[in-house]
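Data first, discussion second: the structure below is written as structure tokens.
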Protein chains: 2
Amino acid sequence: MINYTNNLREHNLKATPQRLAITDILYTKGHISVEVLYEMMLKKFNSISLATIYKNINLMIENSFIQEVKIPNAKSVYELTKEEHSHLVCQKCNKVLDIKIDLDSIVTQTSDAYHFNIKNSNLILSGLCQNCQQL
Amino acid sequence: MINYTNNLREHNLKATPQRLAITDILYTKGHISVEVLYEMMLKKFNSISLATIYKNINLMIENSFIQEVKIPNAKSVYELTKEEHSHLVCQKCNKVLDIKIDLDSIVTQTSDAYHFNIKNSNLILSGLCQNCQQL
DNA sequence: CTCTGTGCAAAGCGTTTGCAAACGA
DNA sequence: TCGTTTGCAAACGCTTTGCACAGAG
């Protein structure tokens with residue numbers, strides 16, 4: 001397991017074993033729900049509390065270390081903060097992929113048309129992945 | 001108040017006074033949270049229960065009469081089902097606007113590139129509306 | 001050494017459920 | 001009339017809080 005101490009400290013988060021493990025899981029899995037994260041953490045810390053998971057998730061969000069991804073008709077997942085990107089979600093197996101889509105012209109046109117100062121764009125495409133289409 | 005009996009029945013929903021009022025509020029407001037809907041309903045039905053609100057919202061969603069809109073960093077709102085569209089949200093006053101954006105080429109390209117059968121696209125642009133920029 | 005983080009138990013809050021009475025068709 | 005809906009109260013599940021102890025810096 002890579003040492004993520006510096007990654008945490010860059011976001012003003014003390015490096016505790018629990019946080020290092022959460023970070024490692026996020027790097028490895030990419031996207032994860034609270035429930036699955038808790039199950040995975042239990043394997044490493046047999047008496048970890050859900051309260052610890054929630055406290056850390058909330059603190060990590062506040063410090064912009066991670067972000068919540070709200071998915072239509074599904075539970076939220078969390079991911080490490082990275083450059084802006086969109087998501088491709090399989091409605092059957094719930095796999096989530098990061099995809100790079102250029103929304104600049106859409107953002108510019110919409111800003112102009114509605115006199116909005118657009119700060120964030122959030123695109124989620126949902127459907128069936130290659131594997132789930134065949135079942 | 002317009003009579004929405006037929007709109008409800010087209011979605012296999014019996015026209016009760018409570019449902020007609022919910023429908024009217026949705027037509028009028030466009031987008032509404034559970035909380036605000038309850039407050040508005042209380043003005044018309046002084047003993048309406050939150051359980052009734054939830055039961056109706058859930059049934060209306062099941063019957064595709066309305067849809068949930070999950071907004072990043074904010075509460076969900078509900079809207080009447082209409083043709084696919086995107087949303088523009090003000091992060092300050094929480095106003096939600098429907099916008100028409102052509103995502104066809106993005107959907108096609110992404111489908112091809114990732115071998116996904118994309119069924120839904122969900123785009124939310126967030127920022128400051130004209131009014132809130134000036135404050 | 002000091003301040004923060006952890007685990008536990010309890011509390012909180014939004015949502016759902018069960019039931020009897022009221023109502024729509 | 002019959003099946004559905006309503007309102008109420010209780011239950012539920014997820015999330016947060018308070019506290020004493022442990023641990024990071």
Side-chain angles (χ1 to χ4, degrees), chain A residues 1 3-25 32-63 65-78, chain B residues 1 3-25 32-63 65-71 73-78 94:
Chain A
M1 170 169 140
N3 186 300
Y4 297 102
T5 303
N6 290 335
N7 307 60
L8 288 165
R9 305 190 92 196
E10 282 164 14
H11 291 266
N12 294 308
L13 296 163
K14 276 194 187 177
T16 67
Q18 290 86 344
R19 289 181 186 166
L20 290 166
I22 291 173
T23 308
D24 187 55
I25 290 170
I32 200 164
S33 65
V34 170
E35 187 185 358
V36 175
L37 176 59
Y38 179 53
E39 286 166 12
M40 294 184 73
M41 289 293 285
L42 269 179
K43 291 176 186 164
K44 306 191 187 188
F45 304 86
N46 55 17
S47 67
I48 195 173
S49 165
L50 252 179
T52 300
I53 302 284
Y54 280 109
K55 284 172 188 167
N56 280 322
I57 284 181
N58 289 336
L59 201 61
M60 287 171 164
I61 290 174
E62 277 170 39
N63 293 14
F65 184 57
I66 67 172
Q67 286 180 312
E68 181 180 358
V69 183
K70 287 191 182 186
I71 301 171
N73 310 312
K75 278 186 236 173
S76 286
V77 294
Y78 298 85
Chain B
M1 169 167 139
N3 186 298
Y4 297 102
T5 303
N6 290 335
N7 307 59
L8 288 166
R9 306 193 91 197
E10 284 165 14
H11 292 266
N12 294 309
L13 296 164
K14 275 195 189 176
T16 65
Q18 291 85 343
R19 289 180 185 167
L20 290 166
I22 291 173
T23 307
D24 187 55
I25 289 170
I32 200 163
S33 65
V34 170
E35 187 186 358
V36 174
L37 176 59
Y38 179 53
E39 286 166 12
M40 293 184 73
M41 289 293 284
L42 269 179
K43 291 176 186 163
K44 306 192 187 187
F45 304 86
N46 55 17
S47 68
I48 195 173
S49 164
L50 252 179
T52 300
I53 302 284
Y54 280 109
K55 283 171 187 167
N56 280 322
I57 283 181
N58 289 335
L59 200 63
M60 287 171 164
I61 289 174
E62 277 170 39
N63 292 16
F65 184 57
I66 66 173
Q67 286 180 311
E68 180 180 0
V69 183
K70 287 191 182 185
I71 301 170
N73 310 312
K75 279 185 236 173
S76 285
V77 295
Y78 299 85
N94 298 313

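A, B, ... follow the sequence lines: proteins, then strands. Residue 1 opens every chain.
Close to D:dG7, at under 4.0 Å from its OP1 or OP2, lies a side-chain N or O of B:Gln18.
Under a 3.5 Å cut-off, the side chain of A:Arg19 and the backbone N or O of A:Leu8 do not form any donor-acceptor pair. Remark: the backbone N or O of B:Ala74 is paired with a side-chain donor or acceptor of A:Lys70 at under 3.5 angstrom. In this structure, B:Lys75 contributes its side chain and B:Ser33 its backbone to no donor-acceptor pair below 3.5 Å.
The number of heavy atoms from other shown groups lying within 6.0 Å of CG (B:Asn3) is above 12.
Nearest to the side-chain atoms of B:Lys55 among the listed nucleotides C:dA25, D:dA24, C:dC19 stands C:dC19. Candidate nucleotides C:dG24, D:dT17, C:dG7 were compared by shortest atom distance to the side chain of A:Thr52, and C:dG7 ranks first. The side chain of A:Pro17 sits closest to D:dA24 out of C:dT6, D:dT17, D:dA24. Considering only the side chain of A:Arg9, D:dG25 comes nearest among C:dC8, D:dT5, D:dG25. Checking C:dG5, C:dC8, D:dG7 against every side-chain atom of A:Thr16, the shortest atom distance belongs to C:dG5. Nearest to the side chain of A:Lys14, among D:dT6, D:dG3, D:dG23, sits D:dG23. The side chain of B:Ala51 sits closest to D:dC8 out of D:dC8, D:dG25, C:dC8. Looking at the side chain of A:Asn56, the nearest of the listed nucleotides C:dT6, D:dG25, C:dG7 is C:dT6.
Atoms CD (A:Glu35) and P (D:dG13) sit 12 Å apart, rounded to a whole Å. Following rounding to the nearest Å, B:Leu8 (CG) and C:dG24 (C1') show an atom-to-atom distance of 13 Å. Note: CG (B:Leu13) to C1' (C:dA25) measures 14 Å, nearest angstrom. Spacing between atom CD1 of A:Ile53 and atom P of C:dC8 amounts to 12 Å, rounded to whole angstrom units. Rounded to an integer number of Å, the gap from A:Phe45 CZ to D:dG23 C1' is 13 Å. Put simply, CD1 on B:Ile48 is 13 Å from C1' on D:dC8, counting in whole angstrom units. Distance, B:Asn58 CG to C:dG14 P: 16 Å, rounded to whole Å. The distance between atom CD1 of A:Ile22 and atom C1' of C:dT6, rounded to the nearest whole Å, is 11 Å.
For A:Ser47 and B:Ala15, each mapped to the nucleotide of DNA chain C holding its nearest heavy atom, the one lying further toward the 5' end belongs to A:Ser47.
Taking 3.5 Å as the limit, the base of C:dG14 and the side chain of B:Lys75 contain no donor-acceptor pair of atoms between them.
A:Glu68 and A:Ser76 are linked by a side-chain donor-acceptor pair at a separation below 3.5 angstrom, with hydrogens and angles left out of the test.
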